Protein chains: 2
Amino acid sequence: MRTETEDEELLALAQSFRTTLRHAVYLSRSMDHDGELSTMQLSTLGMAADAPLRVSRIAGNLGIRVPSATEQIIKLEQAGLVSRHQDPTDSRAVLVQLTGKGRAAWEEASRRRNARIAELLGQLDAEDRAAIAAALPVVAKLNRNP
Amino acid sequence: MRTETEDEELLALAQSFRTTLRHAVYLSRSMDHDGELSTMQLSTLGMAADAPLRVSRIAGNLGIRVPSATEQIIKLEQAGLVSRHQDPTDSRAVLVQLTGKGRAAWEEASRRRNARIAELLGQLDAEDRAAIAAALPVVAKLNRNP
DNA sequence: TCCTCATAGTTAGGCAGCCTAACATTCACC
DNA sequence: GGTGAATGTTAGGCTGCCTAACTATGAGGA
């Protein structure tokens with residue numbers, strides 16, 4: 001059973017969390033112009049980097065609908081970064097695969113973006129960095145729950 | 001002077017941070033349909049809640065350009081949530097002020113959104129919540145630096 | 001005073017990214 | 001073999017951001 005005080009503390013934490021979520025979105029947006037690839041496109045490439053992936057899986061992982069994913073993938077295809085093939089085990093499905101150019105672009109953009117974030121995090125002292133490091137896995141949990 | 005190992009650790013942290021940033025954006029987007037007000041609109045109302053605010057200040061706080069802020073504010077005005085007045089001390093400037101209806105809508109939406117986040121955070125154990133709480137102020141620092 | 005430059009905001013036009021609805025195709029199962 | 005589910009694509013629309021161009025006002029010097 002939860003007490004009233006605990007509920008109030010939780011709400012206060014939620015309030016701060018909400019503000020920080022907004023900050024995170026700004027941060028993310030400010031990172032979004034490191035070159036030609038948007039964050040979403042970068043994520044898409046990153047997913048397909050390990051193995052060819054279905055459109056529906058990409059959409060699911062990105063948290064967007066299938067038509068929106070199709071749109072992004074078509075753009076990436078037109079840029080020569082991915083190729084689309086029919087899934088041999090299910091002709092309805094389409095497998096999205098990185099091209100050589102796509103892999104190179106992904107690695108380069110990924111490297112550059114990590115460097116920019118590292119620079120940002122490098123301005124923090126060790127204690128603050130530790131706080132960040134401890135919180136990262138927890139945020140991932142939050143996304144799996146709902 | 002920074003060692004190579006430290007640099008590598010920093011890059012690894014940056015990589016995780018980047019992933020989590022994406023998670024945060026998803027979380028934020030999933031919160032974005034709790035009613036009629038978008039996150040940006042909610043933030044705008046929140047800013048004007050304390051005192052009437054200039055359009056340029058709102059844009060700056062939101063991290064967007066002035067014309068984009070004007071657009072949002074006009075929508076809020078049309079919805080009857082804010083009013084716009086010429087600044088008496090500078091006729092070029094426009095002060096954005098909450099209406100009664102705007103304040104009520106903001107409080108209601110804010111309360112609802114906090115409750116949803118609290119519910120999410122409530123699923124975490126105390127240790128995880130502490131990790132989140134410790135990291136929140138650090139993210140705010142990151143936004144002030146760049 | 002008047003001229004010039006800076007500042008505040010709006011308008012116009014464009015683009016990216018997301019959505020739903022409707023559709024074709026294929027699969028799975030009875 | 002026929003029916004319903006699953007996978008993508010297409011079409012159309014909306015939101016929210018941007019830059020460029022404009023108006024109006026303020027500030028400061030010749």
Side-chain angles (χ1 to χ4, degrees), chain A residues 22 25-45 47-48 52-79 81-97 109, chain B residues 22 25-45 47-48 52-79 81-97 109:
Chain A
R22 193 158 57 81
V25 171
Y26 298 168
L27 257 182
S28 172
R29 199 162 49 220
S30 73
M31 293 285 158
D32 224 335
H33 298 295
D34 68 344
E36 322 75 33
L37 292 172
S38 74
T39 297
M40 285 312 238
Q41 291 175 327
L42 206 46
S43 303
T44 304
L45 293 181
M47 276 175 233
L53 219 58
R54 290 189 173 191
V55 173
S56 50
R57 288 294 300 273
I58 292 176
N61 288 344
L62 290 177
I64 61 179
R65 302 291 174 185
V66 170
S68 309
T70 296
E71 191 178 324
Q72 295 299 329
I73 291 163
I74 287 176
K75 280 184 192 167
L76 290 173
E77 189 183 32
Q78 287 169 347
L81 303 181
V82 304
S83 57
R84 290 192 291 174
H85 310 279
Q86 208 174 49
D87 184 339
T89 73
D90 183 344
S91 326
R92 293 172 303 176
V94 169
L95 292 178
V96 177
Q97 191 170 12
Chain B
R22 195 159 54 81
V25 172
Y26 298 168
L27 258 182
S28 172
R29 200 161 49 218
S30 72
M31 292 286 157
D32 224 335
H33 298 295
D34 68 343
E36 322 73 36
L37 292 172
S38 73
T39 296
M40 284 313 236
Q41 291 175 327
L42 206 45
S43 302
T44 304
L45 293 183
M47 275 174 232
L53 219 58
R54 288 190 175 192
V55 173
S56 49
R57 288 294 299 275
I58 292 175
N61 289 343
L62 289 177
I64 61 179
R65 303 290 174 184
V66 170
S68 309
T70 297
E71 191 178 325
Q72 295 299 330
I73 290 163
I74 287 176
K75 281 183 191 167
L76 291 172
E77 188 182 33
Q78 287 169 348
L81 303 181
V82 304
S83 58
R84 292 192 289 174
H85 311 279
Q86 207 174 51
D87 184 338
T89 73
D90 182 345
S91 325
R92 293 171 303 176
V94 169
L95 292 178
V96 177
Q97 189 170 13

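Everything numeric here is computed off the predicted structure, so don't read it as measured data. To find a chain, count down the sequence lines: A is the first, B the second, and so on, and within it residues start at 1.
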Enquirer: Take atom CG of A:L53 and atom C1' of D:dG8, then tell me their distance rounded to the nearest Å.
Expert: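 A:L53 atom CG is separated from D:dG8 atom C1' by 15 Å.
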Enquirer: What is the distance from CD1 of A:I58 to C1' of D:dG8, rounded to the nearest Å?
Expert: 12 Å
Enquirer: So what does A:D87 hit on the nucleic acid, given a heavy-atom distance under 4.0 Å: a base, only sugar-phosphate, or nothing?
Expert: nothing
Enquirer: If only side-chain N and O atoms of B:S56 are considered, is one of them under 4.0 Å from the OP1 or OP2 phosphate oxygen of C:dT7?
Expert: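 Indeed not, no polar side-chain atom of B:S56 lies that close.
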Enquirer: Taking atom types as they are modelled, is there a donor-acceptor pair under 3.5 Å from the base of D:dA24 to the side chain of B:R92?
Expert: no
Enquirer: Separation of B:Q86 atom CD from D:dT23 atom P, in whole Å?
Expert: 18 Å
Enquirer: How many Å lie between CZ on A:R29 and C1' on D:dG16, as a whole number?
Expert: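 So the CZ-C1' distance, A:R29 to D:dG16, works out to 9 Å.
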Enquirer: Would you work out how much the helix from C:dT1-D:dA30 to C:dC30-D:dG1 bends between its ends, with each end axis defined by five base pairs, to 10 degrees?
Expert: 10°
Enquirer: D:dT7, OP1 or OP2 - any side-chain N/O from A:S91 closer than 4.0 Å?
Expert: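 False: A:S91 side-chain N/O out of range (4.0 Å or more) of D:dT7 OP1/OP2.
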Enquirer: Over how many whole Å does the gap from A:R65 atom CZ to D:dA6 atom P extend?
Expert: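 One finds 15 Å between P of D:dA6 and CZ of A:R65, rounded.
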Enquirer: Within the structure shown, what part of the strands sits under 4.0 Å from A:V55 by heavy-atom distance: base, sugar-phosphate, or nothing?
Expert: sugar-phosphate
Enquirer: Between A:E71 and A:R54, name the one whose nearest nucleotide on DNA chain D is closer to the 5' end.
Expert: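 First, find each residue's nearest nucleotide; the 5'-ward one identifies A:R54.
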Enquirer: At their closest point, which heavy atom of A:G63 faces which heavy atom of B:R29, and how far apart are they?
Expert: O-NH2, 4.0 Å
Enquirer: Report the distance from atom CD of B:Q78 to atom C1' of D:dG16, rounded to the nearest whole Å.
Expert: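 Checked: the CD to C1' distance equals 15 Å.
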Enquirer: Can you tell me if the side-chain N/O atoms of A:R84 get under 4.0 Å from OP1 or OP2 in D:dT9?
Expert: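 Answer is yes, contact under 4.0 Å.
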Enquirer: May I have the step-by-step check of side-chain contact (heavy atoms from CB on, under 4.5 Å) for A:V94 and A:R54, ending in yes or no?
Expert: CA-CA 6 Å; A:V94 169; A:R54 290 189 173 191; over 6 Å; no
Enquirer: Given that A:I74 and B:V66 both sit by DNA chain D, which one's nearest nucleotide is further toward the 5' end?
Expert: A:I74
Enquirer: Mapping A:K75 and B:D90 to their closest nucleotides on DNA chain C, which lands nearer the 5' end?
Expert: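 Looking at DNA chain C, the more 5' nearest nucleotide goes with B:D90.
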Enquirer: Could you report the tightest heavy-atom contact between A:S56 and A:V66, atom names first, then the distance?
Expert: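 Closest pair (atom of A:S56, atom of A:V66, distance): CA-CG2, 4.1 Å.
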Enquirer: Between B:M47 and B:L62, does a side-chain contact (heavy atoms from CB on, under 4.5 Å) hold up when you go through it step by step?
Expert: CA-CA 10 Å; B:M47 275 174 232; B:L62 289 177; 3.3 Å; yes
Enquirer: Would you name the heavy atoms of B:V82 and B:I73 that are closest together and state the gap between them?
Expert: CG2-O, 3.9 Å
Enquirer: Would you say that more than 12 heavy atoms from the other residues, nucleotides or ligands in this model lie under 6.0 Å from the CZ of B:R84, or not?
Expert: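 Enclosed.
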Enquirer: Let me know, please, whether A:I64 or A:T89 comes out on the 5' side of the other along DNA chain C by nearest nucleotide.
Expert: A:I64
Enquirer: Base, sugar-phosphate alone, or nothing: which one does B:R57 contact when heavy atoms must sit under 4.0 Å apart?
Expert: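 No contact.
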Enquirer: Are more than 12 heavy atoms from other residues, nucleotides or ligands located less than 6.0 Å from atom CZ of A:R57?
Expert: no
Enquirer: At 4.0 Å (heavy atoms only), tell me whether A:T70 reaches a base, stays on the sugar-phosphate, or touches nothing.
Expert: base
Enquirer: Tell me what B:S68 touches on the nucleic acid: a base, only sugar-phosphate, or nothing, going by heavy atoms under 4.0 Å.
Expert: base
Enquirer: Just N and O in the side chain of A:Q72: are any of them under 4.0 Å from OP1 or OP2 of C:dC18?
Expert: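 For A:Q72, the contact criterion (side-chain N or O under 4.0 Å from OP1 or OP2 of C:dC18) is met.
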Enquirer: Would you name the heavy atoms of B:M40 and B:I64 that are closest together and state the gap between them?
Expert: CE-CG2, 3.9 Å
